[in-house]
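Let me begin by presenting the structure, written as structure tokens, before commenting on it.
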Amino acid sequence: MNETKYQRARAVLCRTVGQPVVVEEIDVELPRRGEVMIKMAACGVCHSDLSATNGTIPMPAPLVLGHEGSGVIVAVGEGVSEYAPGDHVLSSFVSMCGHCRYCQTGRPQLCDQAAKAAISLPDGSVRTRDLAGRPLNIFSGCGVMAEYATLHVDNVVKIGADVALDRACLIGCGVMTGVGAAMNTARVEPGSIAVVFGCGGVGLNAIQGCRIAGAAMIVAVDLSDAKLELARGFGATHVMNSATPDLVKALRKLTGGGADYAFECVGRGEIVAQAYGVLAKGGKAVVVGVAAPKDTTTVRTASLTFEEKTLTGSYFGSARPRQDFPRLLALYREKRLKLDELITRRYRIEEAPQAFADLAEGRNARGVIVFD
Ligand SMILES: [Zn+2]
Ligand SMILES: [Zn+2]
């Protein structure tokens, strides 16, 4: 007799693509070999979760949402020696196998295993089922918008127990993506000039990443004046509404002939071209926003050569989660990284549909679901 044990939990699900999320009781299996069960404390509501519910990011329903979670380990599976019950952890939506060519060259954000853990654990199976016993997919190997979650250790990062978990969770996606784009991907230099397109959750973090790296001029660009005002609080020294006529020309003028760095935090080819367009010679444009699959962009080819410009992408802020998550939390302790100010509103799990509606309406820098 080998009866499998499950933990009952409430979870936020996409039941039908195109429909509002639902809060449902599910069963979460106790950890198998190489896995841990986490009692979730908090989970940020990220634009990618919303994109999974409306089909922009194709993920098959039924899907347990959430990939920006924090919590405390309550059980460890066989063979797990680096974690113990009571450990505070963050989820990592990139799986880190440790032995593919990308992990071995210090680029776990590109790990090959992530593709296998897109809607399941890395082995292709799930530990989540509904009360009728039907399996439930999980967002990016996580599915942490739930009271309990069982994850493979390759998707888990241990953190110190001194940072409040409802703030620490934000490191797991939005903060890492934005700050990492500035600090890891672009390697912004002190005294430099940066322009950031898009001031949502990721853009604000690109702005504070530039600030932490010591950029002297940081120009925030967005259509919403309210977001531009918020951007000032995160370190923008200048703001410009994207509706400004001849935007690229105006930005080049404001920056005294072009920026050293530009960050595209929207995910649209035309804005990528603008980001590239505002660069000074030798400048670097970093695409952080996730564009639709068929979206394209255009650059003047000769400018790559004659002006030595760089156009590159940044996935998850080129994160090395096991090194970078603790570093970002250290910056938070030193009051150099803002987390509290990112949280517009906290929600109870039963308010999840409202949290998604607020995100869709652009009302939040970040909404966070806090579990009991
Ligand atoms: Zn995210
Ligand atoms: Zn790997």
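Atoms within a ligand are numbered from 1 in the order they appear, just like the ligands themselves. It should be emphasised that the depicted structure is a prediction, and the values quoted were computed from it without experimental measurement.
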**N/O/S atom of His99 inside 2.8 Å of the Zn ion (ligand 2), strictly under** = no
**Prompt:** Any idea which N/O/S atom from His67 gets closest to the Zn ion (ligand 1)?
**Reply:** NE2
**Prompt:** Should we say atom CZ of Arg187 is surrounded by more than 12 heavy atoms from elsewhere, each under 6.0 Å from it?
**Reply:** no
**Message:** Quick check on the Zn ion (ligand 1): does Cys173 put an N/O/S atom closer than 2.8 Å to it?
**Reply:** yes
**Item:** Heavy atoms from other residues, nucleotides or ligands near CG of Asp340 exceed 12 (cutoff 6.0 Å)
**Value:** yes
**Request:** Evaluate whether atom CZ of Arg348 has more than 12 neighbouring non-hydrogen atoms of other residues, nucleotides or ligands under 6.0 angstrom away.
**Result:** no
**Prompt:** At the Zn ion (ligand 2), what's the angle from Cys97 SG to Cys100 SG, rounded to 10 degrees?
**Reply:** 110°
**Request:** Give a yes or no on this: more than 12 heavy atoms of other residues, nucleotides or ligands lie within 6.0 Å of atom CD of Glu350.
**Result:** yes
